[in-house]
There are 2 protein chains.
Amino acid sequence: MNDISFNSRDCGNCPIRHRAVCARCQPDELERLDAIKYYRTFEAGQPVIWSGDPMEFVSSVVSGIATLSQTMEDGRTQMVGLLLPSDFIGRPGRDAAPFDVVAVTDLTLCCFRKKPFEDMMERTPAIGTRLLQMTLDELDSAREWMLVLGRKTAREKIASLLAILARRDASLHMKPPRDGMSFELPLTRESMADYLGLTLETVSRQVSALKKSGVIELQGKRRVVIPNLQALITETGDDMDGAPIT
Amino acid sequence: MNDISFNSRDCGNCPIRHRAVCARCQPDELERLDAIKYYRTFEAGQPVIWSGDPMEFVSSVVSGIATLSQTMEDGRTQMVGLLLPSDFIGRPGRDAAPFDVVAVTDLTLCCFRKKPFEDMMERTPAIGTRLLQMTLDELDSAREWMLVLGRKTAREKIASLLAILARRDASLHMKPPRDGMSFELPLTRESMADYLGLTLETVSRQVSALKKSGVIELQGKRRVVIPNLQALITETGDDMDGAPIT
DNA sequence: GCTTAACTTTGATCAGGATCAAAACAAGAT
DNA sequence: ATCTTGTTTTGATCCTGATCAAAGTTAAGC
């Protein structure tokens, strides 16, 4: 077990070391009950877990993107989180998943079986502390998103989403966001709508509107160029010194 | 220091023992830097802390109700949380408050100075574990609220808020919610609007509409009677077996 | 009692975004 | 090439909730 250790310098946001803690297991090792850590891959569009399902593992995103969402009986859905590399998925101490997790691109998770992970947490308090910090950050992000959902206009919502995606894309590549940067939209118009509490038509129209205003440029349908970061932030309606939404 | 201990049976949701851990300090003891634990009271309407302010304490609500909210420059505000007795306020490991906290009724907080509390957490991992559980619960609640804000109609939003308040009032009195129960609305129509992402006029109209439909009864403007709990839950749009929103 | 101020209800009108519908576009598969 | 399927854009219309305005209610203070 001492090959599973916590090292906060290993990976900025993740309580688990990703690299070579133990050899990468093959997917079928999932079946081996004694496998403590293993990797799982999902194809774009595949569900990782449904709300209410028993969760026998905790994990963190190694590569790819997943969404966390809820759906009402009549089909209305709301995304409640976007899971990017280094994000943590799981609920130590809980049995059932509270939300649906779906891979939106090809996805690789680094999984720990829950019980051994909880044991490890108990022996290594730093993991719990790190997890608490990450959870508090997520809570703040969720609450900031509540302002977006509850009070912002469609245009501000789109700008807010693009600003977050820009920031996260930049931090993923370990460089600060800057004027002229560009990134690939990981979401369809429909997923963007589900994240923002809008319809896909409104998303399309507002993206076009921001483009026409020169706030963004589009290369194809999915690549977004941000000529002037401050202009984008102004469109979000936030104060410029706003807390960095992670 | 050994008079500050963690006892999970003391209070259902709070990582800190409320009762008689040390003698109640007078408010002015706040000034004494060596006071580790003390009580603070706020009058209805008073701010507890503003977003961005340094937070030199963590605390939990002993009595009364506070709101957690954000405001945009142009005055649009969104409540992001309702703090009831036993709820925790604070961010171990953080210096600045992420949101505004305002007392909506007379409020008593049980405060710990942050540094000693963090030391205590380090020595007593169970506190950190408990705090992680509470934070995960809050995160789930926040995410469930995102569905309310993003996808529900005004009528469903009002029903959802009333359902939550009913549940929390019941659990405060340690009994299960039941048909015919009643509770006092702790919020003005305006605060309800800020919580739900609506205007106060819409709140007023929808409350009246629910009353006219017989889903609720009103005694005065603030006391709500729920003749049929299931009928209210149906109005929320959630599935009946929905996760208990705390 | 009256006054005042905060809160709440109700009414009339407006507008932002939803809905319904159809066409345009892109990428694979045959 | 052509077909298929999924995604995106654009257009026309509708409706929910916002906005503007005014009156009603409540409770506290004098």
Side-chain angles (χ1 to χ4, degrees), chain A residues 43-46 67 72 74-78 102 104-106 148-162 184-212 216-224 235 237, chain B residues 43-46 67 72 74-78 102 104-106 148-162 184-212 216-224 235 237:
Chain A
E43 283 171 33
Q46 269 194 319
T67 60
M72 296 170 70
D74 60 7
R76 282 177 281 176
T77 78
Q78 176 66 51
V102 178
V104 292
T105 63
D106 287 352
V148 174
L149 291 175
R151 291 300 185 196
K152 290 195 176 178
T153 64
R155 186 182 174 101
E156 288 170 336
K157 285 179 174 184
I158 298 289
S160 300
L161 178 58
L162 294 177
E184 204 69 25
L185 271 182
L187 302 174
T188 63
R189 299 291 186 259
E190 186 176 23
S191 297
M192 291 171 69
D194 284 342
Y195 203 8
L196 296 167
L198 297 171
T199 59
L200 66 98
E201 294 94 331
T202 299
V203 170
S204 176
R205 280 185 245 269
Q206 296 297 335
V207 169
S208 299
L210 285 176
K211 181 180 159 194
K212 197 155 74 181
I216 59 170
E217 288 158 22
L218 290 180
Q219 294 173 348
K221 309 268 181 204
R222 290 292 190 87
R223 178 154 282 272
V224 178
E235 292 289 347
Chain B
E43 284 170 32
Q46 270 194 317
T67 60
M72 296 169 70
D74 61 7
R76 283 177 281 176
T77 77
Q78 176 65 51
V102 178
V104 292
T105 63
D106 287 351
V148 174
L149 291 174
R151 291 300 185 196
K152 290 195 177 181
T153 64
R155 186 182 174 100
E156 288 170 335
K157 285 180 175 184
I158 297 290
S160 300
L161 177 58
L162 294 178
E184 203 70 23
L185 271 181
L187 302 173
T188 64
R189 299 292 186 259
E190 187 177 22
S191 297
M192 291 171 69
D194 284 343
Y195 204 8
L196 296 167
L198 298 170
T199 59
L200 65 97
E201 295 95 329
T202 299
V203 170
S204 177
R205 279 185 245 269
Q206 295 297 336
V207 169
S208 299
L210 285 176
K211 181 180 158 195
K212 197 154 76 177
I216 59 170
E217 289 158 22
L218 291 179
Q219 294 173 347
K221 308 267 182 208
R222 290 292 189 87
R223 177 154 283 271
V224 178
E235 292 288 348

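Convention: sequence-line order gives letters A, B, ...; per-chain numbering from 1.
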Practice item. Could you check if a side-chain atom of A:Gln78 sits within less than 4.5 angstrom of a side-chain atom of B:Val148, using non-hydrogen atoms only? Key: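 No - every pair of side-chain heavy atoms lies 4.5 Å or more apart.
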
Review point. Do the non-hydrogen side-chain atoms of A:Arg155 and A:Thr202 ever get within less than 4.5 Å of each other?
Key: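 No - every pair of side-chain heavy atoms lies 4.5 Å or more apart.
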
Exercise for review: Starting at the 5' end of nucleotides 10-21 of chain D, put B wherever the base has a protein heavy atom under 4.0 Å, S where only the sugar-phosphate does, and a dash everywhere else.
Suggested key: BBB----SSBB-

Exercise for review: Give the B/S/- string for nucleotides 22-27 of chain C, one per nucleotide from 5' to 3', where a protein heavy atom under 4.0 Å of the base yields B, of only the sugar-phosphate yields S, and otherwise -.
Suggested key: ------

Distance from [X] atom [atom1] to [Y] atom [atom2], nearest 0.5 Å?
| X | Y | atom1 | atom2 | value |
| --- | --- | --- | --- | --- |
| B:Lys211 | B:Gln206 | NZ | CD | 14.5 Å |
| B:Leu161 | B:Lys152 | CG | NZ | 10.5 Å |
| A:Met72 | B:Glu156 | CE | CD | 4.5 Å |
| A:Glu217 | A:Gln219 | CD | CD | 7.5 Å |

Round to the nearest Å and state the distance from [X] atom [atom1] to [N] atom [atom2].
| X | N | atom1 | atom2 | value |
| --- | --- | --- | --- | --- |
| B:Met192 | C:dT9 | CE | P | 9 Å |
| A:Ile158 | D:dT8 | CD1 | P | 12 Å |
| A:Lys212 | D:dT9 | NZ | C1' | 13 Å |
| A:Leu196 | C:dG16 | CG | C1' | 15 Å |

Check your understanding: Excluding sequence neighbours, so at least two apart, what forms side-chain hydrogen bond (donor to acceptor under 3.5 Å, both in side chains) with A:Arg223?
Key ->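 Partners of A:Arg223 under the side-chain hydrogen bond (donor to acceptor under 3.5 Å, both in side chains) test: A:Ser182, A:Glu184.
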
**Study point:** B:Thr67 vs B:Asp194, side chain to side chain contact (heavy atoms under 4.5 Å, CB included): CA-CA, chis, key distance, verdict
**Key:** CA-CA 10 Å; B:Thr67 60; B:Asp194 284 343; over 6 Å; no

Could I get a table of every N or O pair under 3.5 Å where one atom is in the protein and the other is in nucleotides 4-7 of chain D?
none

Check your understanding: Considering residues at least two apart in sequence or located in another chain, which fulfil the salt bridge (Lys or Arg N to Asp or Glu O under 4.0 Å) criterion with A:Arg189?
Key ->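 With sequence neighbours excluded, A:Arg189 shows a salt bridge (Lys or Arg N to Asp or Glu O under 4.0 Å) to no residue whatsoever.
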
Exercise for review: Could I get the full list of salt bridge (Lys or Arg N to Asp or Glu O under 4.0 Å) partners for B:Arg205, not counting sequence neighbours?
Suggested key: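 Expected list: none.
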
